[in-house]
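Both backbone and side-chain heavy atoms feed into the values below; hydrogens, waters and symmetry mates do not. In each ligand, atom 1 is the first atom listed, and ligand 1 is the first ligand listed.
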Amino acid sequence: MIAIGCDHAGVEMKKALMQALSEKGFELKDLGTDGEPCDYPVIAESVCNEVLSGACDKGILICGTGIGMSMAANKIKGIRAALCTDSFSTRFTRLHNDANVMCLGARTLGCGLAAELAEIFVTTGFEGGRHQRRIDLIADLENK
Ligand code: RB5
C-alpha cells in the first residue's frame, strides 16, 4: 500500500499518479486534499504517519515545488523524504538512502515524468550493506 497526499497545488498530479500507479497494480491510500486549500505540513504528517505505522510501505507527497512537503516530512522522526526531480536521483535515493517518502513538485514537473519517477520509487529496493550504517547515522542525528 502506498500513501499519497497533496496540497491544493498538487491535486491534478495526485490524480494522475493514482491512476498511473493503480494501472501498474499498486494500491494507494489517498490522504487528501481533494481540492480545498490546505496547509501542506498537515498532509505531510498524515502520509508520514501511515508509513511509520506500517500501514503503508511508502509515501508520496505533492505540493507546488515539493520543497515544503520535504521540509515538513523530514521533521518527522523515522522519515527519510526525498525531493525527486530526475530518474537517477529517484533510483539512488531508494538504493542508498532507503527513502521512505518521495516529494514531487506539481508546478515544476509534468505529470508524465512524475508518474515515471513514482514508479521507480516504489519498485526500487534498498541496497543495504554500507548504506545501512549511514541510515543509522541519520537516525542518530534525530536523537541529538
Ligand atoms: C502553495 O501555494 C505552495 O506554497 C505549496 O504548494 C508548496 O509549493 C510549498 O512548498
Side-chain angles (χ1 to χ4, degrees), residues 1-127 131-132 134-144:
M1 181 77 76
I2 309 294
I4 188 165
C6 65
D7 73 356
H8 45 281
V11 175
E12 292 312 312
M13 179 176 281
K14 183 180 70 177
K15 283 183 195 161
L17 295 191
M18 290 186 72
Q19 182 170 343
L21 289 172
S22 58
E23 279 171 7
K24 300 273 180 186
F26 293 97
E27 284 189 289
L28 291 118
K29 184 167 184 180
D30 183 0
L31 281 301
T33 178
D34 293 328
E36 60 279 10
C38 67
D39 297 323
Y40 57 81
V42 176
I43 302 290
E45 185 176 18
S46 299
V47 166
C48 291
N49 283 342
E50 292 292 324
V51 175
L52 292 175
S53 74
C56 293
D57 306 311
K58 293 186 183 68
I60 300 175
L61 288 167
I62 308 159
C63 65
T65 57
I67 295 173
M69 284 293 197
S70 62
M71 287 180 169
N74 278 315
K75 293 289 182 192
I76 299 172
K77 196 170 179 175
I79 294 298
R80 292 177 300 281
L83 175 59
C84 296
T85 59
D86 66 274
S87 58
F88 185 90
S89 308
T90 302
R91 184 167 292 109
F92 275 84
T93 200
R94 287 290 310 124
L95 291 170
H96 288 188
N97 311 129
D98 197 18
N100 48 13
V101 171
M102 83 180 306
C103 302
L104 295 162
R107 293 172 178 158
T108 59
L109 299 177
C111 287
L113 175 57
E116 190 174 294
L117 300 183
E119 188 180 345
I120 291 169
F121 189 79
V122 299
T123 57
T124 304
F126 176 48
E127 268 183 11
H131 302 295
Q132 183 60 54
R134 295 160 185 166
I135 300 305
D136 293 342
L137 287 167
I138 293 176
D140 289 348
L141 294 174
E142 293 174 332
N143 299 317
K144 284 186 180 170

Next on the checklist: Below the 3.5 angstrom mark, is there an N/O of Tyr40, backbone or side chain, next to an N/O of ligand 1?
Outcome noted: no
Checklist entry - Do any N/O atoms on Gly68 end up under 3.5 angstrom from N/O atoms on ligand 1? => result yes
Checklist outcome for this item: Per-atom filter on ligand 1: closer than 4.0 angstrom to a heavy atom of His8 are 1 (C), 2 (O)
Checklist entry - Going by the atom numbers of ligand 1, which of them fall below 4.0 Å from some non-hydrogen atom of Ala9? => result 6 (O)
Check residues 63-70 and write down every donor-acceptor pair under 3.5 Å in which the side-chain atom is one partner and the other belongs to a residue at least two apart or another chain.
{"unit_1": "Thr65", "atom_1": "OG1", "unit_2": "Ile67", "atom_2": "N", "d": "3.0"}
{"unit_1": "Ser70", "atom_1": "OG", "unit_2": "Gly66", "atom_2": "O", "d": "3.2"}
{"unit_1": "Ser70", "atom_1": "OG", "unit_2": "Ile67", "atom_2": "O", "d": "2.8"}

Next on the checklist: Tell me whether atom 10 (O) of ligand 1 lies less than 4.0 Å from at least one protein heavy-atom position.
Outcome noted: yes
Checklist entry - Is the backbone N or O of Val42 less than 3.5 Å from a side-chain atom of Asp39, with the two atoms forming a donor-acceptor pair by type? => result no
Checklist entry - His96 vs Phe92 aromatic rings, parallel, tilted or perpendicular, using cut-offs 30° and 60°? => result perpendicular
Checklist entry - Checking side-chain contact (heavy atoms from CB on, under 4.5 Å) for the pair Lys14/Asp34: CA distance, chi angles, key distance, verdict? => result CA-CA 9 Å; Lys14 183 180 70 177; Asp34 293 328; 4.1 Å; yes
Item to check | Top protein contact for atom 5 (C) of ligand 1, by heavy-atom distance | outcome: Asp7 OD2, 3.2 Å
Validation: residues 100-113 side-chain donor-acceptor distances under 3.5 Å, sequence neighbours left out:
{"unit_1": "Asn100", "atom_1": "OD1", "unit_2": "Arg80", "atom_2": "N", "d": "2.7"}
{"unit_1": "Asn100", "atom_1": "ND2", "unit_2": "Gly78", "atom_2": "O", "d": "2.9"}
{"unit_1": "Thr108", "atom_1": "OG1", "unit_2": "Gly105", "atom_2": "O", "d": "3.2"}

Item to check | Whether Arg107 lies under 4.0 Å from ligand 1, heavy atom | outcome: yes
Checklist entry - Are Leu31 and Asn49 close enough, and set up right, to give a side-chain contact (heavy atoms from CB on, under 4.5 Å), and what steps lead you there? => result CA-CA 11 Å; Leu31 281 301; Asn49 283 342; over 6 Å; no
